[in-house]
Each structure stands twice: as structure tokens, then as C-alpha cells.
Amino acid sequence: MNKKIILLADDDRDDIEMFCEALEMVNENIICHCAQNGDQAWRMLNDNNEKPQLIFLDINMPIMNGWECLKLIKKDQNYQDIPVIMISTSSHKNDMETASQLGALGYFVKPNDFNDLKSMLKIITSNGGTDLSDALNNLQNSGSKYIFHL
């Protein structure tokens, strides 16, 4: 089976560790590349021969935040088609609107519960392309408090 590459940019080491552990448990065919800020994520995109199938960007990071990185990704023809899901502890409507305006596909509020994280990641990673958009929409419509389709 082909490996699926995901890029995660988050400055919180505990969140990265929990995210990667959950990903590994839901799908062993996922390779997760981790960056600690938007600048590092941008450099990883440009230095890696294989493009990720999905990008998760934390909003609040040092050096380059998620918004700045999202703008770069969506302006670049090489990467603008990669779905991006913004992640944050915030569930502010303004952040979701900004994410949508900048071209993110979804907005993911970080769950505190590991099993909630695992179940969300299982649904997200088992869908790709238009299926991912539908999956995010279904999650939101089912009352999920963590994922919002933009």
C-alpha cells in the first residue's frame, strides 16, 4: 500500500507527539513530517521531492504563523491544490472565517482527549480529494465540536 504523507506544523512538542502517535495508531501507512513553525514547514515543502497529501497548520507559532504559511501555500502553483486544515485551541468564529478566506479546507479545534483526536484523524486521513471535503462536512453536520468544513 502507498504511504500517505502529511505535513504538520505546530510549535507545541506535546501536541506534535500526541498527533503523531494518534496518526500512527489509525493508519500505519501515514508518514508525518513535522515542523515547529510555518517557516520550517515552508522550507520542508520546498526541500522535499514528495508533496504531502494533506497539511495541518497550527495558527499560533513563532517565526512564521499558520496564517502566513497558508498564504504562501495557496499562492504557489506547486502547492495550492494541497488541502490545508488549520488547527488551534481556539474555536473563535473570526479565526474560522479567516481560514476560509485564505483558502483552508477545514478548521480543527485541538481536542484534549486522545481518543477524540484519534477518531477525528481516522476519519480525516481515510478520505482524500473530494471525499475529504465531504468527510469534513459530514463531521461538522453530525455535531462535531472539533472539525469545521470551510
| query | Would you say the side-chain atoms of T98 pair up with the backbone N or O of N94, donor to acceptor, closer than 3.5 Å? | reply | yes
| message | Looking at every heavy atom in both A41 and A35, which two are closest together, and how far apart are they? | response | N-CB, 3.4 Å
| field | Straight-line distance of I16 CD1 to M18 CE, nearest 0.5 Å | value | 12.0 Å
| note | In this structure, CG of N115 is separated from CE of M25 (nearest 0.5 Å) by 8.0 Å
| query | K4 and N29: side chain to side chain contact (heavy atoms under 4.5 Å, CB included), yes or no, with the steps? | reply | CA-CA 6 Å; K4 184 175 192 175; N29 290 310; 5.9 Å; no
| query | Are I55 and I5 connected in a single hydrophobic cluster, I mean Ile/Leu/Val/Met/Phe/Trp/Tyr linked by side-chain heavy atoms less than 4.5 Å apart? | reply | no
| Any donor and acceptor pair, going by atom type alone, linking the side chain of N27 with main-chain N or O of L23 inside 3.5 Å? | no
| request: Write down the atom of N48, the atom of H33, and the distance for their closest heavy-atom approach. | output: ND2-NE2, 3.7 Å
| request: Please test I63 against D11 for side chain to side chain contact (heavy atoms under 4.5 Å, CB included), starting from the C-alpha separation and ending with a verdict. | output: CA-CA 10 Å; I63 303 171; D11 63 320; over 6 Å; no
| request: Please report the C-alpha distance between R13 and Q36 in whole Å, then the side-chain angles of each, then the deciding distance to 0.1 Å, and finally whether the side chain to side chain contact (heavy atoms under 4.5 Å, CB included) criterion is met. | output: CA-CA 8 Å; R13 288 181 192 264; Q36 296 198 357; 3.3 Å; yes
| query | Is there a donor-acceptor pair under 3.5 Å between the side chain of Y107 and the backbone N or O of A99? | reply | no
| said: For the NZ atom on K74, are there more than 12 heavy atoms of other groups (residues, nucleotides or ligands in this structure) within a distance under 6.0 Å? | reply: yes
| said: To the closest 0.5 Å, what do you measure between CD (Q40) and CG (D47)? | reply: 10.5 Å
| said: So L117 and F108, do their side chains get closer than 4.5 Å, heavy atoms only? | reply: yes
| field | Between N37 and D39: side-chain donor-acceptor atoms closer than 3.5 Å | value | no
| request: Count the heavy atoms belonging to other residues, nucleotides or ligands that lie under 6.0 Å from CD of Q80, then report whether that count exceeds 12. | output: yes
| query | L102 and W67: which non-hydrogen atoms are nearest, and at how many Å? | reply | CD1-CE3, 3.7 Å
| task | Would you give the length of the straight line joining atom CD of E17 to atom SG of C34, rounded to the nearest 0.5 angstrom? | result | 10.5 Å
| Test item: F56 and D10 side chains (from C-beta on) under 4.5 Å apart, heavy atoms | no
| request: Quick one: closest heavy-atom pair of M61 and G66, and the distance? | output: CE-N, 3.6 Å
| Separation of L70 CG from I59 CD1 (nearest 0.5 Å) | 9.5 Å
| request: Indicate the atoms forming the closest heavy-atom contact of D58 with S88, along with that distance. | output: OD1-CA, 4.0 Å
| Can you check whether I30's main-chain N or O pairs, donor with acceptor, with K3's side chain at less than 3.5 Å? | no
| remark: Paired with L45, the side chain to side chain contact (heavy atoms under 4.5 Å, CB included) test is passed by just one of D76, L72, N78, I73, namely I73
| For the residue pair C32 and L8, what are the closest heavy atoms and their distance? | SG-CB, 4.0 Å
| query | Roughly how far, to the nearest 0.5 Å, is the CD atom of Q53 from the CD1 atom of I31? | reply | 9.0 Å
| remark: Between K110 and the options D12, T89, D15, the side-chain hydrogen bond (donor to acceptor under 3.5 Å, both in side chains) test singles out D15
| request: Taking the side chain as every heavy atom from C-beta outward, state whether I6 and P52 have any pair of such atoms under 4.5 Å apart. | output: no
| message | Whether the side chain of E68 engages the backbone of N65 through a donor-acceptor N/O pair (distance < 3.5 Å, no angle test) should be reported. | response | yes
| query | Quick one: does M96's side chain get under 4.5 Å of S91's, heavy atoms only? | reply | yes
| Any donor and acceptor pair, going by atom type alone, linking the side chain of K51 with main-chain N or O of I82 inside 3.5 Å? | no
